[in-house]
Protein chains: 2
Amino acid sequence: MPTVKLDPIDRKILAELQADGRMTNVELAKRVGISAPPCLRRVRTLEEAGLIRGYHADIDARELGFEVQVFALVGLSSQAEVDLSAFEQKCREWPLVRECHMLNGEIDFILKCVAPDLSTFQSFLTEHLTAAPNVASVKTSLVIRNAKDEPAVPFEVLEDRLAKSA
Amino acid sequence: MPTVKLDPIDRKILAELQADGRMTNVELAKRVGISAPPCLRRVRTLEEAGLIRGYHADIDARELGFEVQVFALVGLSSQAEVDLSAFEQKCREWPLVRECHMLNGEIDFILKCVAPDLSTFQSFLTEHLTAAPNVASVKTSLVIRNAKDEPAVPFEVLEDRLAKSA
DNA sequence: CGTGAAACCGTCGCCCC
DNA sequence: GGGGCGACGGTTTCACG
């Protein structure tokens with residue numbers, strides 16, 4: 001059950017823009033089966049509702065010289081909220097950390113990192129990440145290859161689910 | 001050292017489109033300091049070179065009803081290439097799996113998954129993921145919250161690095 | 001890379017249901 | 001409430017210098 005009410009046209013708009021964020025509004029309108037003005041109004045509404053957080057070019061980091069991708073599993077020694085927040089703030093400040101997710105279970109955080117080469121990453125790891133206050137354990141794994149990397153929302157699953165509940 | 005040669009204008013274009021993939025070409029041209037036609041030619045070239053893989057709206061999956069995000073750490077019993085590929089193919093077919101990265105070390109794969117609720121995820125976990133051929137171990141962790149979720153390329157790091165090597 | 005021109009698009013006001 | 005029509009200004013995208 002979505003937090004906001006969306007009709008099938010809104011969902012189609014979201015699916016199309018997730019697949020191609022640079023599509024023109026008239027093309028989008030054609031695909032969802034309405035004319036351009038109401039289509040644009042819907043897009044603006046979805047943006048303002050926060051359902052569309054933004055649009056980003058998907059850039060090949062490796063081609064740009066970021067040959068190293070690493071996942072880091074981080075455990076903290078204190079899970080008090082103030083300490084969790086302090087660690088999250090550090091992650092926001094470290095440019096090599098691209099994602100930081102707080103998890104349940106024995107791992108506290110998972111970080112997705114990039115670096116131009118291994119030695120840059122290792123410097124970051126020893127001088128910043130493991131050296132940060134409250135960091136108890138860090139396990140890192142290099143990404144060998146990416147088998148799948150899709151945007152967050154599987155609209156097929158959403159539509160299936162709505163069809164069944166109807 | 002990037003695989004392709006890019007001048008400072010190309011890098012600025014990439015940085016701007018990563019930050020706002022729906023920016024108009026004239027706005028982009030203004031920001032990078034050239035006129036619109038050559039700017040568009042550069043964008044097309046970057047797209048054709050595969051440096052820009054696409055453009056995607058960044059959609060709030062939780063608001064759409066995908067309240068559960070999970071990281072799964074997967075170990076396989078055989079690391080023969082044919083078995084690795086078979087597992088990757090399975091991941092591509094499972095819509096709840098949004099990312100699949102092959103890692104070095106004791107974990108073989110890390111998966112980022114989404115689901116509408118816990119029971120949907122648990123059904124997937126028991127009926128599909130752990131039941132798949134060659135899967136030896138699966139450890140899952142629920143995402144409690146996202147502290148950072150940025151696109152892949154930290155252009156600040158790239159520019160720093162180029163400045164120093166100059 | 002820039003200029004100019006033509007086609008196209010984003011956007012608004014208004015009318016309709 | 002939402003959708004469509006028409007028009008204006010801005011944008012995309014040529015050909016050419």
Side-chain angles (χ1 to χ4, degrees), chain A residues 1-60 63-64 151 153 155 158-159 162-163 165-166, chain B residues 2-60 63-65 151 155 158-159 162-163 166:
Chain A
M1 31 276 288
T3 310
V4 268
K5 286 290 165 220
L6 298 173
D7 66 14
I9 295 180
D10 288 319
R11 294 197 300 274
K12 191 100 198 296
I13 287 174
L14 292 171
E16 293 289 346
L17 286 178
Q18 177 173 264
D20 177 7
R22 243 179 127 66
M23 187 181 300
T24 66
N25 182 58
V26 299
E27 172 68 17
L28 180 60
K30 195 184 309 169
R31 292 193 186 208
V32 306
I34 60 180
S35 64
C39 185
L40 187 61
R41 271 175 274 174
R42 281 167 180 266
V43 172
R44 294 282 175 264
T45 304
L46 293 168
E47 288 168 355
E48 277 152 30
L51 245 133
I52 298 177
R53 286 188 289 235
Y55 305 87
H56 306 287
D58 173 20
I59 293 171
D60 188 330
E63 285 288 311
L64 257 170
V153 184
F155 281 96
L158 183 61
E159 297 299 339
L162 292 170
S165 75
Chain B
T3 310
V4 267
K5 285 292 165 216
L6 298 174
D7 66 14
I9 295 180
D10 289 320
R11 293 197 300 274
K12 192 99 198 300
I13 287 174
L14 291 171
E16 294 288 346
L17 286 178
Q18 177 173 263
D20 178 7
R22 242 178 129 64
M23 188 180 300
T24 66
N25 183 58
V26 298
E27 173 67 17
L28 180 61
K30 195 185 309 171
R31 292 194 185 207
V32 305
I34 59 179
S35 64
C39 185
L40 185 62
R41 285 193 289 260
R42 280 168 181 264
V43 172
R44 295 279 176 266
T45 304
L46 293 168
E47 289 168 355
E48 277 152 29
L51 244 133
I52 299 176
R53 286 188 287 234
Y55 305 87
H56 305 287
D58 173 20
I59 292 171
D60 189 330
E63 285 288 311
L64 256 170
F155 281 96
L158 183 61
E159 296 299 340
L162 292 170

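Here is the naming used below: chain letters follow the sequence lines, and residue numbers restart at 1 for every chain. Because the structure is predicted, anything quoted here is derived from the model rather than measured.
Residues B:R42 and B:C39 fail the side-chain proximity criterion, which asks for heavy atoms closer than 4.5 Å. Side-chain contact between B:L162 and B:R11 is present, with at least one heavy-atom pair separated by less than 4.5 Å.
In this structure, A:E47 atom CD and C:dG10 atom P are separated by 12 Å, rounded to whole Å. Atoms CE (B:M23) and P (D:dT11) sit 13 Å apart, rounded to a whole Å. If you measure from atom CD1 of A:I34 to atom C1' of D:dG4, you get 10 Å, rounded to the nearest angstrom. As rounded to whole Å, 17 Å separates atom C1' of C:dG2 from atom NZ of B:K30. At whole-Å resolution of the value, CG in A:L40 and P in D:dG6 are 19 Å apart. Distance, A:L28 CG to C:dC9 P: 13 Å, rounded to whole Å. Atom P of nucleotide D:dG3 and atom CG of A:N25 are separated by 13 Å, given to the nearest angstrom.
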field: Strand DNA chain C in bracket notation, Watson-Crick/G-U under 3.5 Å with | for pairs to another chain
entry: .||||||||.|||||||
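B:R22 comes within 4.0 angstrom of no nucleic acid atom, judged by non-hydrogen atoms across all strands. Contacts of A:S35 with the nucleic acid, taken as non-hydrogen atoms under 4.0 Å apart, include base atoms.
OP1 or OP2 of C:dG10 has not a single side-chain nitrogen or oxygen of A:R44 nearer than 4.0 Å.
Panel note: side chain A:H56, backbone B:G21; no donor-acceptor pair is recorded below 3.5 Å. B:R53 contributes a side-chain N or O that, together with a main-chain N or O of A:I59, makes up a donor-acceptor pair within less than 3.5 Å.
Each of B:T24 and A:P38 has a nearest nucleotide on DNA chain D; the 5'-most of these lies closest to A:P38.
No hydrogens or angles were tested; on distance alone, nothing pairs the side chain of A:R41 with the base of C:dG13 as donor and acceptor under 3.5 Å.
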